[in-house]
2 protein chains.
Amino acid sequence: MSAEVWLTQLHKNGYRITKARAAVVETVEKSTRALTPVEVYDMARKKYRALGLVTVYRTLEKLEELHIIQRVHQPMGCQAFISAGHGHQHLLLCQNCGQVAFFEGDDLDALIESVSKKTGYQISEHWFQLFGLCANCRVN
Amino acid sequence: MSAEVWLTQLHKNGYRITKARAAVVETVEKSTRALTPVEVYDMARKKYRALGLVTVYRTLEKLEELHIIQRVHQPMGCQAFISAGHGHQHLLLCQNCGQVAFFEGDDLDALIESVSKKTGYQISEHWFQLFGLCANCRVN
DNA sequence: TACTTATTGATAATGATTTTCAATAAGGAA
DNA sequence: TTCCTTATTGAAAATCATTATCAATAAGTA
Ligand SMILES: [Mn+2]
Ligand SMILES: [Mn+2]
Ligand SMILES: [Zn+2]
Ligand SMILES: [Zn+2]
């Protein structure tokens with residue numbers, strides 16, 4: 001998805017397209033690592049100087065509501081966002097540079113069934129995330 | 001592990017055993033759901049009225065350092081703690097009452113190997129957590 | 001172009017966590 | 001037990017992140 005598509009999505013849902021939003025969208029859309037509100041602010045302000053931090057918060061909130069971006073939980077903090085994956089995907093994070101990759105194809109049905117039987121819980125969701133070193137950081 | 005063992009662990013590591021710490025330890029140790037600092041504060045103050053919230057923060061910090069408790073990440077917030085699991089265990093959380101269960105035996109080696117091959121990442125850690133309804137909340 | 005109103009950024013308010021500090025009490029030594 | 005050193009404590013202040021307020025502005029439609 002390109003930045004234009006994100007803006008179209010916002011528009012479709014009744015939100016106006018503004019310079020502030022465009023700057024935030026362009027910043028987050030092209031990032032390959034999860035960004036905090038302040039990071040987005042600092043980067044997006046290079047595109048649109050007048051941008052306020054409050055608007056970054058508000059825009060991220062809306063993008064998350066529309067499932068265009070998703071929150072990323074990490075040991076150091078849980079207030080960072082990345083372009084959302086499509087369908088059933090999970091995150092793989094580089095512990096060195098923060099680079100994010102998505103993967104799919106996790107087959108947890110057997111495990112979940114077994115845990116459900118053992119514990120008596122009815123299981124409806126799962127969080128799954130991998131950590132390691134990206135190909136780049138691996139060599140350097 | 002009982003509260004006494006937790007206190008012994010603290011002592012072994014050079015920390016003094018105080019009424020404040022004992023109150024915090026007893027509270028967290030017997031809880032079957034993850035507690036936030038304020039929740040610990042409110043509960044522990046019934047055992048030791050003079051307790052300060054700051055001491056709760058400080059004690060939780062130390063217990064986490066010693067791997068006696070662990071942080072629990074949830075959609076609503078990531079600042080809650082529960083008695084740590086032993087060995088390689090993962091969490092199963094009741095979305096209704098917050099009850100926590102541990103499970104083990106997740107075999108992710110094949111998946112991780114496959115993801116590693118596809119992405120080029122060297123994978124060293126994983127986060128895995130299940131959500132659902134505990135046996136109790138299931139019927140009610 | 002004109003008009004309605006969502007959006008904006010500055011500012012203030014709030015809430016959570018951390019720091020500071022003087023008083024206290026834990027616990028090892030005598 | 002009694003001392004004595006110093007880690008620990010809670011109150012208060014400081015800091016940091018997030019949210020609410022509000023008057024000015026600009027998006028988008030007619
Ligand atoms: Mn999955
Ligand atoms: Mn595992
Ligand atoms: Zn990397
Ligand atoms: Zn339950």
Side-chain angles (χ1 to χ4, degrees), chain A residues 3-4 6-28 34-66 69 71-81, chain B residues 3-4 6-28 34-66 69 71-81:
Chain A
E4 288 75 41
W6 289 26
L7 291 171
T8 303
Q9 293 279 16
L10 284 170
H11 197 206
K12 267 187 199 165
N13 287 83
Y15 296 117
R16 293 181 181 175
I17 296 177
T18 65
K19 286 179 187 170
R21 284 181 180 157
V24 170
V25 160
E26 282 163 27
T27 300
V28 178
L35 300 175
T36 64
V38 174
E39 286 174 329
V40 172
Y41 176 67
D42 290 337
M43 296 168 73
R45 249 160 60 87
K46 289 172 184 157
K47 301 170 194 293
Y48 180 61
R49 260 281 170 268
L51 178 66
L53 177 56
V54 180
T55 299
V56 173
Y57 274 97
R58 290 190 279 227
T59 304
L60 291 175
E61 190 178 40
K62 287 177 178 59
L63 291 173
E64 191 184 20
E65 272 169 22
L66 298 178
I69 64 174
R71 182 181 302 266
V72 178
H73 296 258
Q74 284 176 274
M76 15 101 50
C78 302
Q79 178 73 321
F81 298 88
Chain B
E4 288 74 43
W6 288 26
L7 291 172
T8 302
Q9 293 281 16
L10 284 170
H11 197 207
K12 267 187 200 166
N13 286 82
Y15 296 117
R16 294 183 181 173
I17 297 177
T18 66
K19 287 179 187 170
R21 284 182 179 157
V24 169
V25 160
E26 282 163 28
T27 299
V28 178
L35 301 175
T36 64
V38 174
E39 285 174 328
V40 172
Y41 175 67
D42 290 337
M43 295 168 73
R45 249 161 60 85
K46 289 173 185 157
K47 300 171 195 292
Y48 181 60
R49 261 280 169 270
L51 179 66
L53 177 57
V54 180
T55 299
V56 173
Y57 274 97
R58 292 191 279 228
T59 304
L60 291 174
E61 190 177 40
K62 287 176 179 59
L63 291 171
E64 191 184 20
E65 273 170 21
L66 298 178
I69 64 175
R71 182 181 302 266
V72 178
H73 297 258
Q74 284 176 274
M76 13 101 52
C78 302
Q79 178 72 320
F81 298 87

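Values below: every heavy atom of this structure, side chains too, minus hydrogens, waters and symmetry copies. Lettering follows sequence order; numbering is per chain, from 1.
- With sequence neighbours excluded, no residue forms a side chain to side chain donor-acceptor pair (under 3.5 Å) with B:E61.
- Listed for the A:T55 side chain is no donor-acceptor partner under 3.5 Å among the backbone atoms of A:L51.
- In this structure, A:Q79 reaches the D:dT18 phosphate: one of its side-chain N or O atoms is under 4.0 Å from OP1 or OP2.
- Here the side chains of A:L66 and A:W6 are not in contact, with every heavy-atom distance at 4.5 Å or above.
- By the side chain to side chain donor-acceptor pair (under 3.5 Å) test, A:R58 is found to be paired with no residue, residues two or more places apart in sequence or in another chain being considered.
- Residues forming a side chain to side chain contact (heavy atoms under 4.5 Å, CB included) with A:Y57 (at least two apart in sequence, or on another chain): A:P37, A:L53, A:Q79.
- Rounded to whole Å, the distance from CZ on A:F81 to P on D:dA17 is 15 Å.
- Contact annotation: the side chain of A:V25 approaches that of A:L10 to within less than 4.5 Å [non-hydrogen atoms, C-beta and beyond].
- Using five terminal pairs a side, the axes of the helix from C:dT1-D:dA30 to C:dA30-D:dT1 at its two ends make an angle of 40°, given in steps of 10 degrees.
- In this structure, A:Y57 atom OH and D:dA17 atom P are separated by 7 Å, rounded to whole Å.
- What separates CD of A:E61 from P of D:dA17 is a distance of 18 Å, to the nearest Å.
- Of the residues in residues 43-55 of chain A, those placing a heavy atom less than 4.0 Å from an atom of DNA chain C are A:Y48, A:A50, A:L51, A:G52, A:V54, A:T55, in numerical order.
- Between chain B and DNA chain C, the heavy-atom contact criterion of under 4.0 Å yields a 5' to 3' nucleotide range of C:dA16 to C:dG28.
- Atom CG of B:N13 and atom NZ of B:K62 lie 11.5 Å apart (nearest 0.5 Å).
- The salt bridge (charged side-chain N to carboxylate O under 4.0 Å, His left out) test applied to A:R71 returns A:E64, not counting sequence neighbours.
- Residue B:H73 comes nearest to A:Q74 through the heavy atom pair CE1-O, 4.1 Å, listed as atom of the first residue, atom of the second, then distance.
- Among the protein residues, B:R21 comes within range of the sugar-phosphate backbone only, with heavy atoms under 4.0 Å from sugar or phosphate atoms but none that close to a base.
- Spacing between atom CD of A:E39 and atom P of D:dA17 amounts to 12 Å, rounded to whole angstrom units.
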Could you tabulate the donor-acceptor pairs under 3.5 Å formed by side-chain atoms of residues 39-50 of chain A, not counting sequence neighbours?
{"from": "A:E39", "atom 1": "OE1", "to": "A:T36", "atom 2": "N", "distance (Å)": "2.8"}
{"from": "A:E39", "atom 1": "OE1", "to": "A:T36", "atom 2": "OG1", "distance (Å)": "3.4"}
{"from": "A:R45", "atom 1": "NH1", "to": "A:R49", "atom 2": "O", "distance (Å)": "3.1"}
{"from": "A:R49", "atom 1": "NH1", "to": "A:R45", "atom 2": "O", "distance (Å)": "3.0"}

Between protein and nucleic acid, restricted to nucleotides 28-30 of chain D and to nitrogen or oxygen atoms under 3.5 Å apart, what atom pairs and distances do you find?
{"from": "D:dG28", "atom 1": "OP1", "to": "A:I17", "atom 2": "N", "distance (Å)": "2.7"}

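- Residues forming a side chain to side chain contact (heavy atoms under 4.5 Å, CB included) with B:I17 (at least two apart in sequence, or on another chain): B:L7, B:H11.
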